[in-house]
Each structure stands twice: as C-alpha cells, then as structure tokens.
Amino acid sequence: MRKILVTSALPYANGSIHLGHLVEYIQTDIWCRYQRMISNEIYYVCADDTHGTPVMLRAEKENITPENLVEQVHQEHSQDFSDFNVSFDNFYSTNSIENKELSETIYKKLTSNNKIEKKEIEQFYDSKKEMFLPDRYIKGECPKCKAVDQYGDSCEECGSTYNPTDLINAYSVISGTAPIKKKTDHYFFKLSECTDFLEKWTKSGTLQPEASNKLNEWFKAGLSNWDISRDAPYFGFEIPDAPGKFFYVWLDAPIGYMASFKKLADEKNLSFDEYWKKGSDTELIHFIGKDILYFHALFWPATLSYSGFRVPSRVYAHGFLTVNGEKMSKSRGTFITARSYLNTIKNPDYLRYYYFSKLNDSMEDIDLNLEDFIAKVNSDLVGKFINIPSRTSGFIKKYFNNTLVPTNEISIQDAKVIVDDLIAIKDEVISLYEARLFSKLNRLLMSYTEKVNEYVNRLEPWVLAKNNDEHRSMSQLHQVCSAALQAFRVLSIYYSPIMPDLILKIAEFYGESSYQSIDAIHENIKNISDYNHLLTRLDKDAIDLMLGQNSS
RNA sequence: GGUGAUGUAGCUCAGUUGGUUAGAGCGCAGCAUUCAUAAUGCUGAGGUCGAGAGUUCAAAUCUCUCCAUCACCA
C-alpha cells in the first residue's frame with residue numbers, strides 16, 4: 001500500500017474561485033478518489049493563500065481587517081469546493097499558527113545552513129502611503145510606444161519589457177503620487193548555491209518532460225538569489241529577529257501545504273514526520289498550474305532540502321483553461337465563477353465529466369467550448385450512459401419484480417461477454433487513472449458505453465417481451481436486461497471518481513451505499529430499486545444565464 | 001525581444017518506434033427501430049494532417065525555414 005500526500009495549489013484569498021481554478025481541483029480530486037478506490041492511504045490537503053499586498057489593500061478598501069477578509073473568503077472558498085465535491089482532507093489557511101511556526105522553523109534552519117543573506121536594495125516607495133511598491137502597483141507611459149497606464153514590468157500594447165525606472169511619468173496606483181526611490185534591507189535565499197541540487201532533482205523523474213525543458217531554460221540563464229522579505233506595512237508573518245520585515249507571500253505559501261497537513265495530523269493522530277522528514281518513503285505530490293512551476297520546481301524543493309525536510313516526489317503541472325477558445329474575459333462573461341455555475345447549471349458532475357474528458361498528463365491548455373459542453377453532457381451522459389438503465393430497468397420491474405440475474409449466472413453468450421469484457425479492462429482503467437490520461441480513459445469507457453447500447457439494440461429485449469408467454473423468451477429477457485444493468489454498474493464504478501453525486505444515486509439504485517473500492521465490480525447484484533431519472537439534459541438557456549451572471 | 005509549447009474533418013480531440021484507402025465523438029444527410037428524457041443502432045458525405053522545402057522506397061509522424069495562436073521571462 002502506498003502512502004501519498006497530495007496537494008492542489010493554494011487559491012489566493014483575494015478573489016472567488018472560477019472555472020479555471022476548478023480544472024486543477026477537479027483533476028486532483030479525481031486522482032485522489034481513484035487512489036482511495038485502489039486502497040492506497042492518501043491525504044489531500046490545500047489552503048487559502050492569504051498573505052501579501054493585494055489582500056492587505058483590499059481589506060483596507062473594504063474597511064475590515066485582513067484577518068476578517070481572509071476569514072470571509074475562506075468560508076466562500078470552502079463552500080465552493082465542497083459544492084463541487086472536491087474531497088479535501090483539510091482545506092486550511094496560510095494565516096495559521098501552524099504555518100507561522102513552520103515558516104519560522106524553516107527560515108531559522110536556512111539561516112543556520114548559511115542560505116540566507118541580507119542585502120541593501122533600492123525600491124520604489126510611495127511616500128504619501130508610506131509603503132514600498134511592488135512593480136504591479138506602479139504605472140506610467142511605456143518607454144517604447146508611449147502607451148499610457150502601463151504596468152511597471154511590461155507594456156500590454158507593444159509587449160516590450162523594461163524596469164519600472166524606465167516608465168515615463170510613473171505614478172503609484174495607490175496614491176497617485178510619483179514614486180521615489182528608497183534604500184532598504186532585504187533578506188535573500190541563496191538559490192544560486194542550490195543549482196547542483198536542483199539540476200539533479202529536476203532531472204530525476206519528478207517533472208513532466210515539457211516542464212523539465214522549461215527549467216533548462218532557467219538553469220541556462222543561471223539562478224539568482226531570491227528576495228524573500230518585504231517591508232512593513234505587509235500582511236504576513238514577521239521575520240524572527242527582524243522587526244518590520246515580513247516573509248514574502250511566496251515563502252510561506254507552499255509551507256502552507258505542510259501546515260495544512262500538520263493540522264490534519266494533529267486532529268487525526270497521524271505522524272507529521274512520516275510525511276515530511278528527510279528521506280521519507282511516503283510520496284509527496286503537488287498538482288499545480290504551469291504558471292507556478294518556477295516556485296514549485298525551484299524555490300520549494302530548495303527550501304525544503306536546505307531546511308532538513310523531504311523533497312516532493314512529483315510535481316504535476318497542467319495548462320490553463322480557455323473558454324470558447326479564448327482567454328477567460330470579464331467583458332465576454334467568460335470569467336465564470338464557481339458560484340455562478342452552481343447557481344445556474346447546478347450539477348457539478350457535468351463540469352467534472354467535461355474536464356475529465358479533456359484532461360491528460362501534459363501542460364497543454366484545455367478549452368471549455370460551451371456548445372461542446374452541452375453536446376457532451378447531453379449525448380455522452382444522458383443519451384448514452386444513463387440511457388442504459390433507462391431503457392432496460394422497465395422490463396426488470398415489470399416482469400421480474402426488480403430482481404437481477406447475477407453476473408455469474410448469466411449464460412447467454414452475448415450477455416456474458418458484455419459484462420465480462422468490462423470487468424476485464426480493470427487493469428487498463430487503473431493504469432490510465434494512475435497516469436492521469438483521463439481523456440484517453442474516457443474514450444475507453446465511452447466506447448464500452450456504446451457497446452452496451454449496441455448490444456441492447458442487437459438483443460432486442462422489447463421483442464423478447466412480446467413473446468412473454470414463452471418460458472424461454474422470458475428467461476432470455478431477464479438475462480439480456482440484467483447483463484446490461486450489471487455492465488452499467490461496472491461502468492459506474494469505473495466512473496465513480498468523476499461524478500460523485502451521480503454515482504451515489506446509481507449505487508442507491510443497486511441498493512448500495514457507495515463504491516469504496518474498485519473491486520466492487522466483482523460483486524453479484526441481485527436486486528435493483530425502481531428506476532428514476534438520474535440526470536436532466538443541459539439546456540442552452542442555463543449557459544446563457546450563467547454567462548449573464550458573469551458579465552459586468 | 002528571448003524561451004517553451006500548440007496548429008489534424010464545421011466543433012472538441014485521438015493518431016504508439018515514419019509503413020496499406022488519415023481515426024473517434026458531436027454536428028450534418030439517409031435508413032432502421034420504438035425499450036428509453038426524439039433517447040439508440042446502421043450507413044454516408046466531409047480533411048492537399050498551418051505553409052514551403054528537404055531526408056527516405058515510404059512523412060501527419062524526422063530536419064530546416066516561414067506563418068498563426070498561447071504561455072512564461074523570477
């Protein structure tokens with residue numbers, strides 16, 4: 001039995017969860033649910049990423065404390081995840097006592113390992129607001145094309161990159177005053193000294209090939225030291241023995257993975273060390289978006305390694321979500337929040353299925369094409385999958401009082417084959433889940449769903465039912481429909497990590513509570529309940545309503 | 001600008017180490033069927049595999065150039 005700790009990236013506490021975020025949580029959740037079904041010991045943790053300037057400023061604007069803001073957002077995020085059936089073992093916050101302690105511990109270890117240095121730097125400063133300004137809070141005219149209102153790092157009009165110092169008529173986004181330059185001491189993590197370790201770690205099978213390519217680029221450029229401190233005012237953890245200096249949010253964010261597990265371990269009486277001590281033989285797997293590869297494949301393993309902890313076993317990066325082939329956009333209404341989806345479309349299984357049908361192990365972007373979404377839900381799920389019990393259970397009720405012929409008593413060759421073939425693909429299903437080749441797995445499962453429908457057409461139970469005075473015909477009818485329903489049950493077990501709500505209803509239809517193990521496929525089922533419609537078709541009006549809720 | 005990726009039927013995507021007439025689902029057309037939420041099954045139309053050049057007996061697949069789209073640049 002494997003012992004695995006899995007994480008999804010921490011959502012930032014400055015905004016709502018949207019469908020782009022959900023790609024990752026759904027991908028991770030499916031993988032975790034699959035691991036539970038093959039009886040591995042797995043813990044899935046996450047947390048809100050709470051620190052930094054944006055949260056501080058938003059709280060100020062709303063006239064509440066950052067702690068209050070972070071708490072409100074945590075409620076909202078928790079509800080969103082729970083409504084999408086994301087099965088975290090713990091969804092915590094980086095603004096926690098565990099995280100503070102762990103961050104301090106790690107920082108002290110890095111210091112004693114001589115991996116931290118103090119250096120004076122010069123930074124922009126808003127003298128009215130009395131705070132240092134991150135690059136994105138400075139705007140001005142692009143030095144190349146003179147476009148106005150461009151950010152301090154790059155121009156959105158002409159695409160050129162530069163330093164904030166190059167901007168013409170630079171101003172602070174916060175107070176509107178011209179920023180001045182001011183000297184200050186910052187703390188740096190000496191990442192450049194970790195190059196050998198990191199080159200080795202990144203090439204030891206921890207990353208996808210594309211991710212590894214990407215890192216080569218960074219190694220070629222040479223790793224520079226990492227600025228891990230920010231000056232007050234800053235919402236975060238104060239650095240020990242450095243009054244007025246705070247940990248940069250990206251230092252304590254990944255430590256939030258540990259802190260979330262620490263909290264869980266304390267509650268559940270698990271061993272924290274078993275999962276985090278150096279050389280641990282448990283697995284640590286991070287699911288992330290490709291945009292934060294830098295942090296998870298360089299800073300994070302280096303931080304762990306030089307503070308005496310274990311390093312991640314795997315980092316799985318996925319691509320971004322586009323909607324109708326374009327970047328999500330507030331003006332097009334395609335910046336779709338999790339909540340607006342739940343309000344209008346209601347069923348989380350639809351989105352979970354759609355993402356499942358498109359995800360794989362690569363960093364490629366995936367597209368949510370809304371027409372395709374409707375078509376997939378209606379034809380795959382309603383037309384084909386749910387159609388199996390819908391078209392066969394009536395006979396079982398009418399002629400056989402809801403009793404089924406158990407799989408091991410089915411004798412008609414065609415009927416036997418339709419169930420046995422499905423049971424026989426178990427290992428293939430497992431290996432596709434394991435490798436995160438979800439779209440490929442879906443093609444496999446959907447091809448079997450089609451086979452069952454073909455089989456029903458071929459065996460024509462409605463014809464057998466017309467000859468209901470003949471004994472032989474009735475026995476055949478019983479077997480033909482039972483086999484379809486037994487096959488449907490096996491398919492449902494294979495699909496259970498994908499669509500928890502739907503599969504729960506299906507389990508109840510078979511008189512079961514849920515499918516804990518994939519080996520449930522081998523059980524012989526003898527009864528069903530009356531069939532009620534399991535899914536409704538997805539209507540375009542619901543989609544339009546959803547888009548409407550997101551356009552401002 | 002640099003780097004990494006992507007570009008296959010109307011749409012969303014498969015195409016293993018280069019090898020017979022390039023595949024699937026949806027959509028479309030026709031047929032069958034009526035058990036099922038007009039659901040299902042069968043048949044068919046539809047592609048110079050982004051463009052050009054090269055290597056090879058053979059290229060969607062390898063090489064080069066170009067074009068387009070996307071992302072990253074701490």
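Fair warning: this is a prediction, and the values are worked out from it, not measured in the lab.
Rounded to whole angstrom, the span from the OH atom of A/Tyr353 across to the P atom of B/C26 amounts to 11 Å. Across the protein-nucleic acid pair, A/Lys540 atom NZ and B/G27 atom P stand 16 Å apart, rounded to whole Å. Taking atom CD1 of A/Ile418 as the reference point, atom P of B/U40 lies 16 Å away to the nearest angstrom. Across the protein-nucleic acid pair, A/Arg391 atom CZ and B/U37 atom P stand 11 Å apart, rounded to whole Å. Taking atom CG on A/Asn453 and atom P on B/U33, their separation rounds to 18 Å, with Å as the unit. The distance from atom CG of A/Leu464 to atom C1' of B/U33 is 15 Å, rounded to the nearest whole Å. If you measure from atom CG of A/Asn360 to atom C1' of B/A24, you get 16 Å, rounded to the nearest angstrom. As rounded to whole Å, 13 Å separates atom P of B/A5 from atom CH2 of A/Trp218.
Distances shown here put a side-chain N or O of A/Lys384 below 4.0 Å from the OP1 or OP2 atom of B/C26. For the pair A/Lys214 and B/A5, the criterion of a side-chain N or O lying under 4.0 Å from OP1 or OP2 is not met. For the pair A/Lys440 and B/U16, the criterion of a side-chain N or O lying under 4.0 Å from OP1 or OP2 is not met.
Across the P atoms, B/C13 and B/A71 are found 16 Å apart, a figure rounded to whole Å. Annotation: B/U37 and B/U69 have their C1' atoms spaced 40 Å apart (nearest Å). Here the separation of B/G41 from B/C49, taken at their C1' atoms, is 31 Å to the nearest Å. B/G54 and B/G18: their C1' atoms are spaced 15 Å apart (whole Å). Using C1' as the reference atom, B/C28 and B/U16 are 32 Å apart when rounded to the nearest Å. For the P atom pair drawn from B/G52 and B/A45, the interatomic distance equals 26 Å after rounding to whole Å. A gap of 16 Å separates the C1' atoms of B/C57 and B/C62, to the nearest Å. Nucleotides B/G23 and B/C66 have their C1' atoms positioned 29 Å apart, rounded to a whole Å.
Within 4.0 Å (heavy atoms only), A/Leu534 reaches at least one base atom of the nucleic acid. Using a 4.0 Å heavy-atom distance criterion, A/Asp367 is classed as a sugar-phosphate-only contact. Looking at heavy-atom distances under 4.0 Å, A/Ser362 makes no contact with the nucleic acid at all. At a threshold of 4.0 angstrom between heavy atoms, the contacts of A/Phe320 are confined to the sugar-phosphate backbone, with no base atom among them. Within the 4.0 angstrom heavy-atom criterion, base atoms lie near A/Gly222. Heavy atoms of A/Glu454 sit under 4.0 angstrom from primed sugar atoms or phosphate atoms, though from no base atom. Residue A/Glu450 is in sugar-phosphate contact alone, with no base atom involved, counting any heavy-atom pair closer than 4.0 Å across all strands shown. Contact annotation for A/Arg537: base contact, defined as any heavy-atom pair under 4.0 Å involving a base atom. Nucleic acid contact class of A/Gly394 (heavy atoms, under 4.0 Å, all strands): none. Among the heavy atoms of the strands lying under 4.0 Å from A/Asp380 are primed sugar atoms or P, OP1, OP2 only; no base atom is included.
Remark: aromatic rings of A/Phe84 and A/Tyr25 are distant, center separation not under 6.0 Å. Taking the six-membered ring wherever Trp is involved, the centroid distance between the rings of A/Phe385 and A/Tyr495 falls below 6.0 Å. A/Phe299 has its ring centre no less than 6.0 Å from the ring centre of A/Trp250. Ring pair A/Tyr354/A/Phe373: centre-to-centre distance below 6.0 Å.
Of the listed nucleotides (B/U34, B/A71, B/C11), B/U34 has the atom at the smallest distance from the side chain of A/Trp462. Listed candidates were B/G4, B/A36, B/G25. Nearest to the side chain of A/Asn387 is B/A36. Looking at the side chain of A/Asp291, the nearest of the listed nucleotides B/C11, B/C72, B/U6 is B/C72.
The closest donor-acceptor contact from the side chain of A/Asp372 to the backbone of A/Leu368 lies at 3.5 Å or more, if one exists at all. Listed for the A/Glu24 side chain is no donor-acceptor partner under 3.5 Å among the backbone atoms of A/His318.
The nearest heavy atom of RNA chain B to A/Ile386 and to A/Lys290 marks one nucleotide each, and the one closer to the 5' end goes with A/Ile386. Mapping A/Leu223 and A/Thr536 onto RNA chain B via the closest heavy atom, the residue that lands nearer the 5' end is A/Thr536.
Judged by the 6.0 Å and 45° rule, A/Lys200 forms no cation-pi pair with A/Phe197.
A donor-acceptor contact under 3.5 angstrom links the side-chain atoms of A/Asn457 to the base of B/U40.
Salt-bridge formation is not detected for the pair A/Glu454/A/Arg458: no Lys NZ or Arg NE/NH1/NH2 atom is positioned less than 4.0 Å from an Asp or Glu carboxylate oxygen. Of the charged side-chain nitrogens involved, none lies within less than 4.0 Å of a carboxylate oxygen, so that A/Asp185 and A/Lys119 do not count as a salt-bridged pair.
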If pairs are Watson-Crick or G-U with both distances under 3.5 Å, what is the dot-bracket string of RNA chain B, marking crossing pairs with [ ] and pairs to another strand with |? (((((((..((((.....[...)))).(((((.......))))).....(((((..]....)))))))))))).
Worked check of side-chain contact (heavy atoms from CB on, under 4.5 Å) between A/Ile366 and A/Leu321: CA-CA 5 Å; A/Ile366 66 166; A/Leu321 180 73; 4.0 Å; yes
